[in-house]
2 protein chains.
Amino acid sequence: MSILIDETALSDAAAIFKVLSDPNRLRIFNILMDGDTCNCEMTDMLDIPANLLSHHLRVLRQAGLVSSRRDAVDGRWIYYSVNKAAIAHWHTWLKTFFDPERVKERNNLCGPEGGQTRMTTSIFITQEQ
Amino acid sequence: MSILIDETALSDAAAIFKVLSDPNRLRIFNILMDGDTCNCEMTDMLDIPANLLSHHLRVLRQAGLVSSRRDAVDGRWIYYSVNKAAIAHWHTWLKTFFDPERVKERNNLCGPEGGQTRMTTSIFITQEQ
DNA sequence: GTAATACTTCAATAGATGTTGAATAGTATG
DNA sequence: CATACTATTCAACATCTATTGAAGTATTAC
């Protein structure tokens, strides 16, 4: 198993998956992947009320996927953008995690088919032949 | 935007993220990525009760990520494995979706900074100078 | 100052879901 | 047949969360 895939990484990945598991939130994130966008523009693109949009953006921000800044001309406007470092990290991680090359045929199955059996005490032994 | 990333694909991806957003379920999936495994073996590896394991495996199966078969020698045993076609599909999709190259600087921001303003009727106009 | 605009936070609710324990199904053995 | 073993399904619960509407914050315009 790759060094990238340990228990901690799995836990972190589960958290990211959870953040992106909401359809609206994933649509928001997808828009941000194509460049900076202000809240108002997304309201129009997504047909989502502003307060709900804010909620989802906060979740994305707290997950480290997104950051925000105020407009330099008119401070009432706020731009959101993806965190490039985080994107690069998850791009690499997901490429490794979902690599089809990881899926190998096992030479030793855990059950009778593989010559293994199990006692009720959860101790694996080699089946006698 | 890539042809791979349309509303339908986003909806499907959100569903997959949801399936993998549970820590235990992601650990199960990760084990299966390394090869076929029976229910009993995972019970030992994960310290999860058998019925809960079955529940998570069903969710993974219904999502098309995992399939199962019975042991040829002893039909009481069941092996689980990842669906290679699904893995390949999501491997490709995620590589595209999280591609850092997607994140570009926008030449036209939607707010005042980018020379844009907005009327209360949600109609975008070019700001006069 | 007041008013308007862009956005966020708060409070409440309804629906979804992970977990647990008990009951059930399917298969093998004697 | 009965018994044991592997795994699934059922029922109940507790927790979490997306959504909604109202109130609040920050900034700009007049």
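Computed over heavy atoms, backbone and side chain alike; hydrogens, waters and symmetry mates excluded. Sequence lines set the chain letters: A, B, ... in the order given, protein chains first and strands last, and positions in each chain run from 1.
Counting to the nearest Å, the P atom of D:dT8 and the CZ atom of B:Arg69 are 14 Å from each other. Atom CZ of B:Phe17 is separated from atom P of D:dA18 by 15 Å (rounded to the nearest Å). With rounding to whole Å, A:Asp44 atom CG is found 14 Å from C:dC7 atom C1'. Per the geometry, CG belonging to B:Asp47 stands 12 Å off P belonging to C:dT19, to the nearest Å. Rounded to an integer number of Å, the gap from CG of B:Leu53 to P of C:dG21 is 16 Å. Atom pair B:Leu57:CG and D:dT9:P shows a separation of 11 Å (rounding to whole Å applied). Protein atom CD1 of B:Ile48 is 17 Å distant from nucleotide atom C1' of C:dG21, rounded to whole Å. For the pair B:Asp22 CG and D:dT17 P, the interatomic distance rounds to 12 Å; values are reported in whole Å.
B:His55 has a side-chain polar atom (N or O) that falls below the 4.0 Å cut-off from OP1 or OP2 of C:dG18. Between A:Arg25 and D:dA18 there is a side-chain polar atom (N or O) within less than 4.0 angstrom of OP1 or OP2. Using a 4.0 Å cut-off, some side-chain N or O of A:Arg58 falls inside it from OP1 or OP2 of C:dT9. The side chain of B:Lys18 places no N or O atom within less than 4.0 Å of a non-bridging phosphate oxygen (OP1 or OP2) of C:dA16.
A cation-pi arrangement is not found for A:Arg70 relative to A:Tyr79, the charged atom failing to lie both closer than 6.0 Å to the ring centre and inside a 45° cone about the ring normal.
If you find the closest nucleotide of DNA chain D to B:Arg61 and to A:His56, the one lying nearer the 5' end belongs to B:Arg61. Positionally, the nearest nucleotide of DNA chain D for A:Ser21 lies more toward the 5' end than for the other of A:Ser21 and A:Arg76.
With salt bridges taken as basic N to acidic carboxylate O contacts below 4.0 Å, one links A:Arg102 and B:Asp34.
The side chain of A:Asn24 approaches D:dT19 more closely than any other nucleotide in the set D:dT9, C:dG18, D:dT19. When distances are taken from the side chain of B:Trp77 to each of D:dT20, D:dA7, D:dT28, the shortest belongs to D:dA7. Here D:dG21 is the nucleotide among D:dG21, D:dT9, D:dT27 with the atom lying nearest to any side-chain atom of A:Asn51. Of the candidates D:dA18, C:dT20, D:dT9, C:dT20 carries the atom nearest the B:Leu52 side chain, counting heavy atoms from C-beta on. Among the nucleotides C:dC7, D:dA18, D:dT8, the one closest to the side chain of A:Ile78 is C:dC7.
One side chain, A:Asn24 or A:Arg27, offers a donor N or O that lies under 3.5 Å from an acceptor on the other.
Taking the six-membered ring where the residue is Trp, the centroids of A:Tyr80 and A:Phe29 are separated by 6.0 Å or more.
The closest side-chain heavy-atom distance from B:Ile16 to B:Leu20 is below 4.5 Å.
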